[in-house]
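Each remark here refers to the structure printed beneath this line.
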Amino acid sequence: MDRIGSFNHHTASNGFQNSCNRDTEFGANDRRFAFSRQASSMQWQEPSHPPISTNSDELAKPLLSRSMSSINIPPGRYFSSESNNFFGVKDNSGDKLSVLSLAFSILENVRSGNLYMKRLFIMIFLNVLYSTAELATGLLSGRIGLVSDAFHLTFGCGLLTFSLFSIAASRSKPDHVYTYGYKRLEVLAAFTNALFLLFLSFSLAVEALHAYIQDESEHKHYLIVSAVTNLTVNLIGVWFFRNYARINLVYRKAEDMNYHSICLHVLADSIRSAGLILASWFLSLGVQNAEVLCLGLVSVAVFMIVMPLFRATGGVLLQMVPPSIPTSALSKCLRQITSLEDVLEVTQARFWELVPGQIKKGTDNRQTLEFVHGVYHELGILELTVQIEDA
């Protein structure tokens with residue numbers, strides 16, 4: 001068990017105590033951080049403290065017993081200045097972040113953001129307009145197919161909105177709550193988009209099987225208008241993110257994963273709409289099993305284009321060894337370390353990347369690392385991890 005800190009209950013100088021009180025903003029009689037192993041159901045109660053007896057047997061007992069002390073940390077907002085300063089919005093209400101302020105801050109980030117953020121916002125706006133019109137048309141006309149497609153588009157808009165949110169949030173600096181920063185939000189958004197596309201591929205396969213079982217003469221041809229409109233909107237999105245319209249990419253930053261997932265999202269929707277249009281056209285020509293063939297091909301195509309992204313994002317979130325570093329090289333390094341005379345065993349060697357990226361070549365940080373380790377070793381800190389980021 002690692003010892004993070006120790007407590008001394010004997011004596012302390014008044015000057016040090018006053019200094020600590022000023023630094024932590026706690027009064028002299030504040031008992032929030034009294035040490036305890038008491039049950040959690042009693043952690044908010046103020047323990048009673050009987051007077052210390054003068055009996056010699058009782059004086060031999062420790063002043064800080066396991067049953068009498070408790071960690072009394074009342075619900076507070078110790079990190080409110082950091083955690084509520086999200087997107088640069090400060091919480092003036094004292095309780096929670098205003099939703100309206102958050103919405104305005106996201107719009108401000110979009111306005112001051114890069115070109116891709118503005119394009120994504122325009123694409124979300126177009127999809128919301130189209131899905132709302134399709135839902136209203138389906139409800140007024142009683143067409144269940146239009147209502148179902150509108151809900152599918154609405155769910156897709158939610159995922160794209162999360163991608164936009166992650167882009168804006170990743171610009172926030174690390175704080176005392178999220179000490180690694182918010183860069184992995186973009187990786188999480190890309191993974192969510194990839195998971196949605198895998199579900200879309202599975203649902204298209206089920207729809208193709210259902211079309212094979214039932215009579216294809218009942219195919220609703222009015223959906224071709226919806227498919228053409230949806231294809232037009234999605235092609236605009238593909239053109240917006242045309243630089244990421246590839247299956248395999250070398251991700252140099254976390255935002256590359258996010259932009260790639262957005263491009264694949266609209267590309268998969270475009271393939272789906274094109275498949276529905278082709279199926280309707282073949283059915284009008286009297287081709288048998290046309291819908292089954294088109295939906296099956298679309299399902300396979302969506303699965304093939306999204307799997308590399310799913311593996312890459314899943315590997316980052318699961319803290320896999322960076323794919324740019326061969327495992328044989330890591331094994332060779334471990335063998336060289338264990339061959340040293342003073343090393344008995346190397347245990348729990350872990351290698352991962354916080355976000356995808358490239359290491360800048362041509363720099364030597366050994367002197368900086370040696371200096372930092374030396375400074376902290378003088379303080380008694382023997383295990384230290386230092387991360388150097390190139391500007």
Side-chain angles (χ1 to χ4, degrees), residues 114-117 119-121 123-124 127 152-153 155-170 181-206 230-231 233-275 295-327 351-358:
N114 55 20
L115 180 61
Y116 287 112
M117 287 184 66
R119 288 179 173 179
L120 179 58
F121 180 78
M123 191 174 64
I124 293 173
N127 276 277
H152 166 78
L153 292 176
F155 189 72
C157 288
L159 291 176
L160 294 178
T161 304
F162 178 60
S163 297
L164 179 64
F165 168 81
S166 66
I167 296 172
S170 64
Y182 302 88
K183 285 293 184 181
R184 268 200 178 179
L185 265 177
E186 297 205 65
V187 182
L188 181 62
F191 178 79
T192 307
N193 275 313
L195 195 62
F196 167 74
L197 294 180
L198 287 178
F199 175 76
L200 175 64
S201 173
F202 175 76
S203 64
L204 289 174
V206 173
N230 191 19
L231 178 62
V233 174
N234 285 320
L235 286 179
I236 296 175
V238 172
W239 183 80
F240 280 166
F241 294 88
R242 60 189 180 275
N243 293 333
Y244 295 89
R246 282 173 266 171
I247 298 178
N248 293 299
L249 281 177
V250 177
Y251 304 110
R252 292 178 173 85
K253 291 183 281 187
E255 62 184 17
D256 290 340
M257 278 187 168
N258 198 9
Y259 294 149
H260 189 208
S261 70
I262 295 170
C263 181
L264 293 184
H265 185 127
V266 294
L267 181 61
D269 271 346
S270 302
I271 296 174
R272 171 178 170 269
S273 300
L295 291 178
L297 291 176
V298 170
S299 175
V300 173
V302 172
F303 181 83
M304 294 295 291
I305 67 174
V306 76
M307 273 306 296
L309 176 66
F310 180 76
R311 287 196 300 266
T313 53
V316 173
L317 294 177
L318 291 175
Q319 300 189 153
M320 185 182 71
V321 174
S324 59
I325 302 177
T327 56
F351 307 93
W352 73 93
E353 56 183 352
L354 181 64
V355 292
Q358 273 189 330

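Residue numbers run from 1 in the order of the sequence given. We use all heavy atoms of the structure for the numbers below, so side chains are in, but hydrogens, waters and symmetry mates are not.
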Heavy atoms only: give me the nearest [X]-[Y] pair and the separation to one decimal.
X    : Y    : answer
A254 : E186 : O-CB, 3.9 Å
I271 : V298 : O-CG2, 3.7 Å
A169 : Y182 : O-CB, 3.4 Å

Distance from [X] atom [atom1] to [Y] atom [atom2], nearest 0.5 Å?
X    : Y    : atom1 : atom2 : result
H265 : M123 : NE2   : CE    : 7.5 Å
S201 : L198 : OG    : CG    : 7.0 Å
L159 : T192 : CG    : OG1   : 7.0 Å
I262 : R119 : CD1   : CZ    : 12.0 Å
L200 : N193 : CG    : CG    : 11.5 Å
F165 : F162 : CZ    : CZ    : 7.0 Å

Closer than 3.5 angstrom, by distance alone: can the side chain of [X] be matched with the main-chain N or O of [Y] as a donor-acceptor pair?
X    : Y    : result
S299 : G296 : no
N258 : S163 : yes
T161 : C157 : yes
S270 : L231 : no

Is there a side-chain contact between [X] and [Y] in this structure, where contact means two heavy atoms from C-beta onward sitting under 4.5 Å apart?
X    : Y    : result
R272 : N234 : no
S170 : E255 : no
V266 : N127 : no
S166 : L188 : no

Using residues 300-315 as the side-chain source, report each donor-acceptor pair under 3.5 Å to any protein atom, sequence neighbours left out, with the distance given to one decimal.
from : atom 1 : to   : atom 2 : distance (Å)
T313 : OG1    : L309 : O      : 2.8
T313 : OG1    : F310 : O      : 3.2

Query raised in the report: Passes side-chain contact (heavy atoms from CB on, under 4.5 Å), I167 versus Y259? Steps please.
Result: CA-CA 9 Å; I167 296 172; Y259 294 149; 3.4 Å; yes
Requested in this report: Quick one: list whatever passes side chain to side chain contact (heavy atoms under 4.5 Å, CB included) with F202, sequence neighbours left out.
Outcome: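 Testing F202 for side chain to side chain contact (heavy atoms under 4.5 Å, CB included), a comparison that skips the adjacent residues, returns V206.
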Check residues 235-246 and write down every donor-acceptor pair under 3.5 Å in which the side-chain atom is one partner and the other belongs to a residue at least two apart or another chain.
from : atom 1 : to   : atom 2 : distance (Å)
R242 : NH1    : W239 : O      : 2.7
N243 : ND2    : Y116 : OH     : 2.9
Y244 : OH     : D256 : OD1    : 3.2
R246 : NH2    : N243 : O      : 3.2

